[in-house]
Trainee: 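Can you keep this structure in mind? I'll have questions shortly.
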Amino acid sequence: MVSSNWGLFFSLFLFLLYFSPAFSQTCSSRKFSNNNLYSHCSDLPSLSAFLHWTYDSSNSSLSLAFIAKSTGWIAWAINPTSTGMVGSQALVAYLHAGIPVVRTYNVASYGSIRPSNLSFEVWDTSAQSSAGEFIIFAKLKVPTSATTLNQVWQAGPSVDGTTLAVHPFQPANLNAKGTLGLSGGEVTNNNSGEVDSRTMRKNIHGVLNAVSWGLLFPTGVVIARYLRVFPSADPAWFYLHISCQISAYAIGVAGWGTGMKLGSESEGFVAYGHRNIGIALFSMATLQMFALFLRPKKDHKYRVYWNVYHHSIGYSILILGIINVFKGFNMLNPDRKWKSAYVIVIAVVGVIAIILEAFTWVVVLKRKSSNKSTKPFDTETHQ
């Protein structure tokens with residue numbers, strides 16, 4: 001009796017599990033209210049999206065249904081020339097006055113994403129929306145000799161008129177591209193280690209700024225603050241300090257320039273905090289470069305004001321630079337190992353600074369006890 005009850009319970013569990021939404025939401029289980037039927041379907045490898053399609057070789061046409069979840073907009077696109085977003089020919093669905101519509105967008109560049117005609121013929125477009133999910137229906141003409149297509153799909157949070165709010169830059173969004181076999185088979189993701197030019201420029205921007213503002217500038221500050229109390233380190237500490245800071249400035253300017261270029265190409269998306277801190281860092285670092293040429297001699301009456309100006313700006317750059325590096329990590333979403341590596345490196349620099357801080361105070365206090373009037377971190381010994 002007990003075993004039969006357990007058998008009944010187990011059968012019921014399997015039945016509920018099989019028909020639960022988590023298990024039923026696959027492309028093969030989808031039925032369309034317009035009774036459209038398709039020869040092939042695929043659970044796309046990103047964004048929990050699905051694609052159904054039928055390819056008619058007699059007239060080189062593709063009939064499709066694309067399904068994805070979003071409260072704003074969804075898009076499915078063909079890129080005739082590349083594997084990424086730029087150059088793609090997109091079908092976009094969103095609600096217009098509460099009614100789901102499909103519009104065509106020619107994504108000529110990141111700064112030009114507006115409704116326009118596509119480079120190929122499209123007809124029978126329509127959209128459905130229900131429970132936070134959109135479906136795009138369309139038919140389109142494909143090149144006669146084509147056997148595969150570069151496809152891109154995406155989902156964004158909102159729409160203002162015909163302006164699409166920028167989609168998130170999470171790995172799922174960045175990996176939403178692949179190769180579609182027109183005659184069926186698997187839909188492959190073409191992101192196997194291949195990086196498009198814009199992603200490459202983002203990575204270069206990130207590396208340049210992490211090295212400059214996030215590492216070289218802090219190292220230069222540590223050198224100036226702790227080595228100068230040792231007479232034997234003069235003037236070596238000074239030349240090490242300015243070498244670090246000038247190198248950091250040169251690399252930082254290159255990183256800042258690539259960031260401004262990336263920002264100009266991303267119309268409609270502005271990372272205000274990251275951008276504004278970057279501009280502030282560039283401005284303050286430029287002032288620090290002037291400090292090198294405007295530095296009065298040690299006994300000059302204006303030296304104390306120069307010290308306040310130089311030190312306050314220097315510590316501001318130190319703090320803001322590290323903050324902005326972490327803001328950049330949050331935007332780029334690189335592999336966890338890169339953020340972890342930076343955290344370890346900057347933590348090591350911090351630990352070294354703490355040890356040197358304690359050691360320096362010991363040295364200074366010993367000098368005071370020997371009636372040597374040396375104030376810690378007063379002014380440089382180097383003229």
Side-chain angles (χ1 to χ4, degrees), residues 25-30 36-70 73-93 102 104-110 113 118-123 125 134-156 167-203 333 335:
Q25 292 300 308
T26 61
C27 74
S28 59
S29 67
R30 299 302 298 243
N36 281 11
L37 297 175
Y38 300 90
S39 301
H40 314 286
C41 76
S42 177
D43 302 335
L44 296 176
S46 188
L47 296 178
S48 300
F50 310 100
L51 182 70
H52 296 248
W53 75 99
T54 297
Y55 173 61
D56 187 347
S57 58
S58 64
N59 60 3
S60 298
S61 66
L62 183 69
S63 177
L64 65 90
F66 171 70
I67 307 106
K69 289 187 176 295
S70 176
W73 57 268
I74 68 166
W76 183 87
I78 292 174
N79 193 324
T81 59
S82 184
T83 59
M85 180 187 294
V86 173
S88 63
Q89 311 286 294
L91 302 168
V92 181
V102 176
T104 56
Y105 284 70
N106 184 345
V107 188
S109 69
Y110 285 96
I113 304 178
L118 304 185
S119 61
F120 47 79
E121 187 180 355
V122 180
W123 67 97
T125 59
F134 283 95
I135 305 176
I136 294 175
F137 297 100
K139 293 180 181 178
L140 50 93
K141 202 79 170 177
V142 299
T144 304
S145 59
T147 57
T148 62
L149 298 173
N150 295 324
Q151 64 169 343
V152 185
W153 61 96
Q154 200 52 260
H167 63 76
F169 287 86
Q170 300 300 319
N173 298 87
L174 299 177
N175 293 331
K177 53 186 177 180
T179 302
L180 174 66
L182 293 177
S183 298
E186 291 296 318
V187 177
T188 59
N189 186 293
N190 55 22
N191 197 41
S192 55
E194 200 172 313
V195 181
D196 61 56
S197 61
R198 181 173 170 82
T199 301
M200 179 64 74
R201 281 181 288 150
K202 286 182 179 180
N203 292 340
N333 289 299
D335 288 343

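Numbering of residues begins at 1 and proceeds along the displayed sequence. All values below were derived from every heavy atom in this structure, side-chain atoms included, with hydrogens, water molecules and symmetry-related copies excluded.
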Trainee: Go through Leu140 and Val142 one step at a time and tell me if the side-chain contact (heavy atoms from CB on, under 4.5 Å) criterion holds.
Mentor: CA-CA 7 Å; Leu140 50 93; Val142 299; 3.5 Å; yes

Trainee: I'd like to know if the side chain of Trp153 reaches the main chain of Gly178, judged simply by a donor and an acceptor atom lying under 3.5 Å from each other, with no hydrogens or angles considered.
Mentor: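 The answer is no, because no donor-acceptor pair under 3.5 Å joins these two groups.
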
Trainee: Which heavy atom of Phe134 sits nearest a heavy atom of Ser70, and at what distance?
Mentor: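 Looks like CE1-O, 3.5 Å.
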
Trainee: Quick check for you: to the nearest 0.5 Å, what is the distance between Leu44 atom CG and Asn175 atom CG?
Mentor: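 It comes to 12.5 Å.
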
Trainee: What is the minimum heavy-atom distance between Ile74 and Ile135, and which atoms define it?
Mentor: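 For Ile74 and Ile135, the tightest heavy-atom pair comes out as CD1-N, 4.4 Å.
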
Trainee: Which pair of heavy atoms, one from Ala90 and one from Val107, lies closest together, and at what distance?
Mentor: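 Scanning both residues completely, I find the closest heavy atoms to be CB-CG2, 4.5 Å.
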
Trainee: What's the shortest heavy-atom distance between His52 and Cys41, and which atoms?
Mentor: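 Heavy atoms of His52 and Cys41 come nearest at ND1-CB, 3.5 Å.
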
Trainee: Quick one: sort the His167 and Trp73 rings into parallel, tilted or perpendicular, breaks at 30° and 60°.
Mentor: perpendicular

Trainee: Give the minimum heavy-atom separation between Leu118 and Val122, together with the two atoms involved.
Mentor: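 Taking Leu118 first and Val122 second, the nearest heavy atoms are CD1-CG2, 3.7 Å.
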
Trainee: In sequence, state the C-alpha distance, the side-chain angles, and the governing distance for Tyr55 and Ser39, and then conclude on side-chain contact (heavy atoms from CB on, under 4.5 Å).
Mentor: CA-CA 8 Å; Tyr55 173 61; Ser39 301; over 6 Å; no

Trainee: Could you go step by step and tell me if Ile78 and Leu180 meet the side-chain contact (heavy atoms from CB on, under 4.5 Å) rule?
Mentor: CA-CA 10 Å; Ile78 292 174; Leu180 174 66; over 6 Å; no

Trainee: Would you find a donor on one side and an acceptor on the other, under 3.5 Å apart, between the side chain of Asn150 and the backbone of Ser82?
Mentor: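 Present.
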
Trainee: To the nearest 0.5 Å, what is the distance between CG on Leu62 and OG1 on Thr54?
Mentor: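 That separation rounds to 8.0 Å.
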
Trainee: Can you tell if the side chain of Gln89 reaches within under 4.5 Å of the side chain of Pro80, non-hydrogen atoms only?
Mentor: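 SC-SC contact between Gln89 and Pro80 confirmed.
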
Trainee: Looking at every non-hydrogen atom in both residues, tell me the closest pair between Ile136 and Ala75 and how far apart they are.
Mentor: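 The answer is CD1-CA, 4.4 Å.
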
Trainee: Using modelled atom types and a 3.5 Å cut-off, is there a donor and acceptor pairing between side-chain atoms of Ser60 and backbone atoms of Lys141?
Mentor: no

Trainee: Indicate yes or no: at least one non-hydrogen side-chain atom of Gln154 is less than 4.5 angstrom from one of Leu47.
Mentor: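 Yes, their side chains come closer than 4.5 Å.
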
Trainee: Do Lys139 and Ser61 have side chains that approach each other closer than 4.5 Å (heavy atoms only, starting at C-beta)?
Mentor: no

Trainee: In sequence, state the C-alpha distance, the side-chain angles, and the governing distance for Leu91 and Phe66, and then conclude on side-chain contact (heavy atoms from CB on, under 4.5 Å).
Mentor: CA-CA 10 Å; Leu91 302 168; Phe66 171 70; over 6 Å; no

Trainee: To the nearest 0.5 Å, how far apart are CG in Leu51 and CG in Leu64?
Mentor: 6.0 Å

Trainee: Any side-chain heavy atom of Ser88 within less than 4.5 Å of one from Tyr105?
Mentor: no

